[in-house]
Participant: 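I am attaching a structure below and will ask some questions about it afterwards.
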Amino acid sequence: MSFLQSLTRFRTEPAGTSATGAATAIDADAASPLSVRGLSVAYHHKPVLWSIDYTAPPRGLVAVIGPNGAGKSTFIKACLGLVPALSGEVRVFGRPVAAMRGEIGYMPQRGSVDWDFPVSALDVVAMGRYGRIGMLRPVRRADRERALACLEMVGLADFAGRQIGQLSGGQQQRVFLARALAQEARLYFMDEPFAGVDAATERAILDVLHTLDRQGRTVICVHHDLQTVTDRFHHALVLNVEKIADGPVARTVTEETLARAYATARQDGDPRLLSFPARRAGAAE
Amino acid sequence: MTLLDFLQLDLPAGLTAVLASSLCAMLGNFLVLRRQALVGDAISHAVLPGIVVGFVLAGSRDTVTVMLGATAAAALAAVLIEAVRRLGRVEAAASMGVVFTVMFAGGVVLIEQAAAHAVDLDADCVLYGQLEDVLWLAPTGLASLLDPAALAELPRELVTLAAMNLAVGLLIALFWKELRITSFDPALASAIGIPAGLFHYGLVLLLALAAVASFEAVGSILVVAMLACPAAAARMLTDRYGRQFALSLAIGTGSGLLGYTLAGPLLLLLGMDWSLNAAGMIAVVAGAVLVLAVLFGPHHGVLAKRRARRMAGAV
């Protein structure tokens with residue numbers, strides 16, 4: 001079905017039909033850490049995500065891949081309720097997101113905050129505890145100790161008192177990672193954790209991801225680098241506005257699905273294509 | 001200058017100026033930390049038509065009606081700014097610039113209309129305030145400072161500002177960590193269930209109320225200066241969140257005291273028979289403090305940075 005067809009179909013479809021279908025599907029996925037039904041998001045009337053159905057595996061590391069502008073970050077933000085969805089339903093462990101915020105950890109892109117902000121690395125990691133502390137209550141010593149332990153896990157205990165602007169890019173990324181850890185969530189969303197990091201940070205992130213995996217958590221990462229997807233992740237969700245494929249990496253990240261994901265970008269004559277590695281682009285010809 | 005003069009004239013006027021300065025200096029922290037200093041400009045100007053309408057409806061400077069009018073104007077400004085940004089597809093700053101100047105101009109036109117109907121309000125008062133009108137005629141001596149009957153006669157502007165200072169101080173203390181996370185990382189705040197949008201609009205509401213509480217006595221120029229200068233100066237002096245607030249409050253209060261003293265009482269003591277506009281002088285002092293902080297700040301100052309570069313070059 002072409003994109004335009006799905007668009008018109010969506011508009012003309014009676015409201016009731018899709019809703020009943022979604023309800024049964026969600027009952028079946030009650031145990032899944034994340035189940036998404038018919039999720040659509042648009043910015044300025046331009047669709048960014050269209051009618052995404054997705055059920056995350058009960059545990060493991062999931063990569064969300066696709067060309068630039070495919071809606072990968074938007075997918076995460078829409079799951080968290082940070083951007084308004086046109087339609088669709090998101091359930092976390094079978095319940096609405098709003099009721100499960102304490103079980104969800106989030107690591108935004110590093111560029112999304114102002115690193116000149118006058119707070120220390122420890123202050124930032126302690127923010128991961130705010131959800132557990134609750135409104136109107138102060139940060140207690142136990143929370144600061146927990147935050148310090150998380151900084152230690154990413155090898156930054158010595159930098160706890162440092163203002164965050166004085167850290168290197170990789171160290172800042174690890175502070176964000178430590179903050180996500182401090183959330184002690186069962187389901188994690190991470191937006192490009194490996195973007196532009198040094199070797200030490202890459203190792204720290206991989207360590208943390210494996211620890212979370214061993215503990216039986218689900219981690220959903222927006223990932224840019226197609227070369228490393230199969231080594232680092234167990235599952236993949238391939239997006240390009242619509243869902244292209246999902247499942248175990250070996251079956252999902254194939255020349256065929258990638259060609260489909262990146263071909264739309266190519267037809268648009270759109271700069272998204274630039275992120276497609278030359279080797280794969282050649283194979284897709 | 002006699003003690004009675006001080007109690008009746010300089011104490012209420014000076015204290016009002018200081019309280020307006022400290023109130024704006026506290027709120028200004030959030031604008032500077034969120035890199036939204038322009039929002040302070042926008043709100044303090046956009047409330048003007050609301051103030052005039054409230055003023056005309058009440059027929060007097062009744063604080064509650066004027067505050068309601070200003071709040072409505074601030075809400076209208078917020079809606080208009082968002083509408084212009086979306087419909088015009090322009091940057092938020094551009095949209096703010098358009099909306100607040102138009103609303104301020106509308107307010108000035110409304111004032112002219114109202115003045116024709118003998119309403120005691122003029123554009124000068126809006127810009128510079130009327131600090132000389134803040135009088136406390138009740139006191140007869142130092143004992144009046146403890147006399148409930150005399151204290152009940154304290155000027156309305158002074159009482160409103162004191163109450164606003166207390167309320168804003170309490171709110172900041174109460175929501176200390178929520179304000180920190182919504183300023184630093186609103187996305188994470190929303191993800192863990194702290195309503196970042198609500199905090200943003202709460203801040204806009206407090207700004208509108210602070211602008212109204214301050215404007216009548218000290219005028220909008222001082223409000224704009226005090227929302228930006230003390231917090232920006234503090235930002236040059238520290239990298240600690242708590243210290244940022246303490247320094248900003250101290251710089252705001254200190255500028256208020258010093259500026260007021262320089263503008264009137266000091267000239268009087270020196271035997272001059274003229275004085276300067278206190279609000280203007282306070283704004284100038286705050287601006288001077290900012291310049292000093294930019295030059296001499298321990299880490300972020302121009303000189304410190306130059307020294308650090310030289311040392312790096314030497315190695």
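Every value quoted in this text rests on a predicted model; they were computed, and no experiment measured them.
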Participant: Look at the aromatic rings of B:F199 and B:F175 and report parallel, tilted or perpendicular, splitting at 30° and 60°.
Facilitator: perpendicular

Participant: Around A:E152, counting heavy atoms of other residues, nucleotides and ligands shown, do more than 12 lie under 6.0 Å from its CD?
Facilitator: no

Participant: Using heavy-atom distances under 4.5 Å, tell me whether A:D123 contacts chain B through its side chain, its backbone, both, or neither.
Facilitator: side chain

Participant: Under 4.5 Å from any heavy atom of chain A, what part of B:R180 do you find: side chain, backbone, both or neither?
Facilitator: both

Participant: A:F233 vs A:F194 aromatic rings, parallel, tilted or perpendicular, using cut-offs 30° and 60°?
Facilitator: perpendicular

Participant: Against chain B, work out which of A:Y106, A:W115, A:Y130 has the most heavy-atom pairs shorter than 4.5 Å and name it.
Facilitator: A:Y130

Participant: Sort out for me which of B:S190, B:G193, B:G242 touches chain A most, counting heavy-atom pairs under 4.5 Å.
Facilitator: B:S190

Participant: Based on non-hydrogen pairs under 4.5 Å, which of B:H299, B:E178, B:R235 is most in contact with chain A?
Facilitator: B:R235

Participant: Check whether A:R179 gets within reach of chain B through its side chain, its backbone, both or neither, counting any heavy atom under 4.5 Å.
Facilitator: side chain

Participant: Is a salt bridge present between B:K177 and A:D143, judged by a nitrogen-to-oxygen distance below 4.0 Å?
Facilitator: no

Participant: Step by step, work out the side chain to side chain contact (heavy atoms under 4.5 Å, CB included) result for A:E184 and A:R129.
Facilitator: CA-CA 8 Å; A:E184 296 184 333; A:R129 306 295 299 167; 3.2 Å; yes

Participant: Hey, is A:E89 close enough to A:R37 for a salt bridge, meaning N to O under 4.0 Å?
Facilitator: no

Participant: Hey, which of A:D114, A:V97, A:L80, A:V119 has the most heavy atom pairs under 4.5 Å with chain B?
Facilitator: A:D114

Participant: If we define contacts as heavy-atom pairs under 4.5 Å, which of B:Y241, B:W176, B:F184 has the most with chain A?
Facilitator: B:F184

Participant: At a heavy-atom distance under 4.5 Å, which candidate from B:I192, B:I194, B:T238 has the highest pair count against chain A?
Facilitator: B:I192

Participant: Take A:L177 and A:M153 through the side chain to side chain contact (heavy atoms under 4.5 Å, CB included) test and state the conclusion after the steps.
Facilitator: CA-CA 10 Å; A:L177 188 70; A:M153 282 176 73; over 6 Å; no

Participant: Does any heavy atom of chain B fall under 4.5 Å from the side chain of A:L82, the backbone, both, or neither of them?
Facilitator: side chain

